[in-house]
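This chain uses plain numbering: 1 for the first residue, then up along the sequence.
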Amino acid sequence: MNVLEETKKIEQEIIKWRRDLHKIPELNLYLPKTTKYVEEKLKEMGIEYKILVNGNAIVGLIKGNSDGKTIGLRADMDALPIEEETGLEFFSTHKGCMHACGHDGHTAMLLGAAKILSENRDKFKGNVKLLFQPGEEYPGGALPMIEEGAMENPKVDAVIGLHEGVIDERVGKGKIAYRDGCMMASMDRFLIRVIGKGCHGAYPQMGVDPVIMASEIILSLQKIASREINTNEPIIVSVCKINGGFSQNIIPDMVELEGTVRATNNETRKFIANRIEEIVKGITSANRGTYEIEYDFKYPAVINDKEFNKFFLESAKKIVGEENIFELPTPVMGGEDMAYFLEKAPGTFFFLSNPKVYPDGKIYSHHNPKFDVD
């Protein structure tokens with residue numbers, strides 16, 4: 001079977017699926033229209049499936065001609081709360097919601113793979129599981145799917161997934177990118193409430209200033225990366241949101257700091273979480289203040305299996321050519337809950353560089369209202 005020829009036969013169908021899905025973006029773990037659309041296509045293909053995560057995730061199963069191993073193919077389906085500005089004929093019909101990260105394309109690609117595999121199930125052994133996942137952007141749909149048995153009955157022996165667009169600007173258009181070991185960083189979230197005592201801005205001695213404490217905390221958190229961890233190990237501590245104060249002459253009672261931590265090593269990840277609280281406690285205590293902290297361990301690092309990568313690359317060379325395969329020298333610091341599937345089975349997560357280039361030569365990144373793919 002010539003895979004490229006088979007794919008070309010249904011190319012326009014895949015494009016139509018993607019455009020249909022682009023019109024109906026949905027958020028988080030509530031994707032009723034999207035899952036209904038995928039269900040209808042699987043029924044047309046005669047593929048058995050089950051519904052998980054309160055009707056918002058789908059696991060399809062294609063059985064080969066005899067017993068054998070099971071491979072999982074994963075696609076995320078959710079969108080983002082962004083008002084679309086692409087001007088496409090098939091733009092979002094849901095106001096304030098847009099497929100600005102390419103998950104509509106992932107879903108269409110997996111439907112395309114499903115159609116070809118189901119029509120050729122007499123040519124392979126074992127099984128293919130189709131993992132249609134909600135909530136990758138937030139709050140995470142992979143783990144609920146796993147907890148509801150997505151990787152069992154039959155047990156998934158290996159799993160593969162991809163992300164389209166421009167995840168890494170080092171990867172030229174039309175190429176795919178991979179990496180042995182850590183492909184993407186873990187993704188955690190913290191919220192710090194710096195608590196002082198409000199007072200008049202002209203009489204600071206009568207209060208405890210949380211703005212000053214928050215400023216010290218922000219600067220001190222940056223020292224974790226620059227002074228406490230080996231500089232060869234990629235990590236990020238970013239304070240992305242500051243909220244506090246009411247007026248130019250009022251020192252507030254409290255300031256909130258919210259941000260993200262990215263790491264490529266689980267021990268380092270735990271170390272950073274502990275150090276953040278130690279720093280916050282020390283600074284607030286030294287300044288007669290107090291604090292509250294929320295630290296959410298969200299997605300683990302995406303870890304590709306070196307041996308499975310070899311198998312993947314041999315297949316990829318047949319499709320895109322060795323010249324179009326790029327090995328990333330360092331991990332990408334974005335997060336992905338594909339990590340949970342890769343904790344349960346060895347596999348590969350790779351990038352497909354396929355951005356739309358606008359007439360003025362511009363390319364818009366993920367999570368931008370003008371994001372689009374070729």
[X] side chain to [Y] backbone, donor-acceptor under 3.5 Å:
| X | Y | answer |
| --- | --- | --- |
| Asn56 | Leu31 | yes |
| Asp253 | Lys197 | no |
| Asn28 | Tyr30 | no |
| Asp76 | Gly135 | no |

Please report the interatomic distance CZ(Arg19) to CD1(Ile24), rounded to the nearest 0.5 Å. 15.5 Å
Met187 reachable from Leu27 in the ILVMFWY side-chain graph, under 4.5 Å edges: no
Polar side chain donor-acceptor pair, [X] to [Y], under 3.5 angstrom:
| X | Y | answer |
| --- | --- | --- |
| His94 | Lys33 | yes |
| Thr86 | Asp372 | no |
| His22 | Glu84 | yes |
| Tyr299 | Glu336 | no |
| Lys306 | Asn309 | no |

Hey, does [Y] have a side-chain heavy atom less than 4.5 Å from the side chain of [X]?
| X | Y | result |
| --- | --- | --- |
| Glu256 | Ile242 | no |
| Met145 | Glu148 | no |
| Glu277 | Phe190 | no |
| Ile176 | Val320 | yes |

Looking at Phe350 versus Phe312, is the centre-to-centre ring distance below 6.0 Å?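 They qualify: ring centres under 6.0 Å apart.
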Can the ring centres of His163 and His103 be said to be less than 6.0 Å apart?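 For His163 and His103, the ring centres are under 6.0 Å apart.
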Hey, are Glu40 and Lys43 close enough for a salt bridge, meaning a charged N less than 4.0 Å from a carboxylate O?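 So Glu40 does not pair with Lys43 through a salt bridge.
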Taking only Lys NZ, Arg NE, NH1 and NH2, and the carboxylate oxygens of Asp or Glu, determine whether Arg179 and Asp168 approach each other closer than 4.0 Å. no
Smallest separation among heavy atoms of Ala301 and Ala339, with atom names: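 In terms of heavy atoms, the two residues are closest at O-CB, 3.3 Å.
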In short, Leu257 meets Ala214 closest at the heavy-atom pair CD1-O, 4.0 Å
Would the number of heavy atoms belonging to other residues, nucleotides or ligands and lying under 6.0 Å from CD of Glu278 be above 12?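 Buried by this count: over 12 neighbours within 6.0 Å.
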Cation-pi check for Tyr364 against Lys362: NZ or CZ below 6.0 Å from the six-membered ring centre and within 45 degrees of the axis, yes or no?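 Judged by the rule (NZ or CZ under 6.0 Å from the ring centre, within 45° of its axis), Lys362 is not positioned above Tyr364.
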Cationic tip of Lys344 within the cone over Tyr340's six-membered ring, i.e. under 6.0 Å and within 45° of the normal?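 Geometry flag: not set, cation outside 6.0 Å or 45°.
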Of the options Leu111, Ile62, Leu117, Ile116, which is the one that meets Met45 in a side chain to side chain contact (heavy atoms under 4.5 Å, CB included)? Leu111
